[in-house]
Amino acid sequence: SSLHYLTYFTAGANRLTGRIPEAYSGFASMTHLSLFENALTGTIPANLSAVRSMSTLYLYSNRLTGTLPPALSRMSILDHLSVRDNLLSGTLPPSLGKCSTLQYLSTEAPLAVDADRAAAAIARRRAATLSDAQGCAIGAWRRRRAAARGGGGRRRRGGGAIPHRG
């Protein structure tokens, strides 16, 4: 495809409907995919993990269902992942601890039930700062971590520091 070398794609707030196309996994050079604030349905395709160059994945504020695919942990340079404000269920996969570059994670309450395990795994791999949209288990972990580090970074409702990305 002529889009094989596409590196940055954003279609946020465009009233998109339907499923996330499996074809995105064919963009080997993509580093940023933003499909936030649309009306996308279905599950998050596990084959997105084939895009090893992906550093930012924003899928928040859609109507996505299912669980967060453990295969996303294969995105070796993923540093920003936001899936909040969807209809996802289950727990955060502990395999996210393999994402040694993950700095920002935004989820919602149903996924945060077992967040302490995933957050602890990520913290063991790298000193990552996590964010949770509703301040559940990840929020508590963030507050403990920020207190231990003496704060720093930009403050967010619910406590804890998050990295500033301009």
Side-chain angles (χ1 to χ4, degrees), residues 19-20 22 24-25 27-28 30-36 40-165:
R19 296 178 171 273
I20 298 173
E22 302 269 335
Y24 286 126
S25 66
F27 301 134
M30 187 173 295
T31 61
H32 182 103
L33 177 60
S34 289
L35 298 173
F36 59 89
L40 298 172
T41 58
T43 60
I44 298 171
N47 71 350
L48 278 177
S49 66
V51 186
R52 303 293 167 108
S53 59
M54 185 82 68
S55 65
T56 303
L57 182 58
Y58 291 143
L59 302 175
Y60 62 89
S61 298
N62 280 287
R63 297 179 188 149
L64 300 171
T65 58
T67 60
L68 195 60
L72 293 181
S73 65
R74 289 187 237 145
M75 295 173 140
S76 58
I77 64 167
L78 185 66
D79 65 10
H80 278 62
L81 174 62
S82 182
V83 294
R84 65 178 166 79
D85 300 327
N86 279 291
L87 303 171
L88 299 172
S89 60
T91 60
L92 289 170
S95 62
L96 280 177
K98 294 179 184 175
C99 293
S100 62
T101 58
L102 191 61
Q103 296 178 36
Y104 178 84
L105 174 63
S106 181
T107 66
E108 56 206 40
L111 287 179
V113 172
D114 197 22
D116 279 337
R117 278 183 52 204
I122 292 167
R124 282 193 300 272
R125 298 281 296 167
R126 181 167 190 246
T129 304
L130 304 179
S131 170
D132 177 74
Q134 297 183 14
C136 291
I138 289 181
W141 178 83
R142 262 190 9 232
R143 288 188 293 278
R144 287 192 306 270
R145 188 171 187 295
R149 294 180 63 202
R154 183 170 52 101
R155 304 301 287 179
R156 182 172 219 170
R157 180 178 52 85
I162 62 170
H164 184 344
R165 186 162 182 153

Can T31 and T56 be said to form a side chain to side chain contact (heavy atoms under 4.5 Å, CB included), step by step?
CA-CA 6 Å; T31 61; T56 303; over 6 Å; no

Check side chain to side chain contact (heavy atoms under 4.5 Å, CB included) between [X] and all other residues, then give those that pass, not counting sequence neighbours.
X   : result
S61 : E37, R84, D85
A71 : A46, S49, R74
S73 : S95, K98, C99

So which atom in [X] and which in [Y] form the shortest heavy-atom distance, rounded to 0.1 Å?
X    : Y   : answer
E22  : N47 : OE1-ND2, 2.7 Å
F36  : N62 : CA-ND2, 4.0 Å
L59  : N86 : O-ND2, 3.0 Å
T101 : D79 : O-CB, 3.2 Å
I20  : P45 : O-CG, 3.7 Å
T65  : L88 : O-CD2, 3.5 Å

Distance-only, no hydrogens or angles: does the S53 side chain make a donor-acceptor pair with backbone N or O of A28 under 3.5 Å?
yes

Pair Y24-L48, side chain to side chain contact (heavy atoms under 4.5 Å, CB included): steps then yes or no:
CA-CA 7 Å; Y24 286 126; L48 278 177; 3.8 Å; yes

Could you measure the distance from the [atom1] atom of [X] to the [atom2] atom of [Y]? Nearest 0.5 Å is fine.
X   : Y   : atom1 : atom2 : result
L81 : L92 : CG    : CG    : 9.0 Å
I44 : R19 : CD1   : CZ    : 12.0 Å
M54 : M30 : CE    : CE    : 5.5 Å

Kindly indicate, with the supporting measurements, whether the criterion side chain to side chain contact (heavy atoms under 4.5 Å, CB included) is fulfilled by L102 and Y104.
CA-CA 6 Å; L102 191 61; Y104 178 84; over 6 Å; no

Non-hydrogen side-chain atoms of L68 and P93 separated by less than 4.5 Å:
yes

For L64 and L87, run side chain to side chain contact (heavy atoms under 4.5 Å, CB included): C-alpha distance rounded to whole Å, both residues' side-chain angles, the deciding distance at 0.1 Å, then the answer.
CA-CA 6 Å; L64 300 171; L87 303 171; over 6 Å; no

Donor on one side chain, acceptor on other, S82 and H80, under 3.5 Å:
no

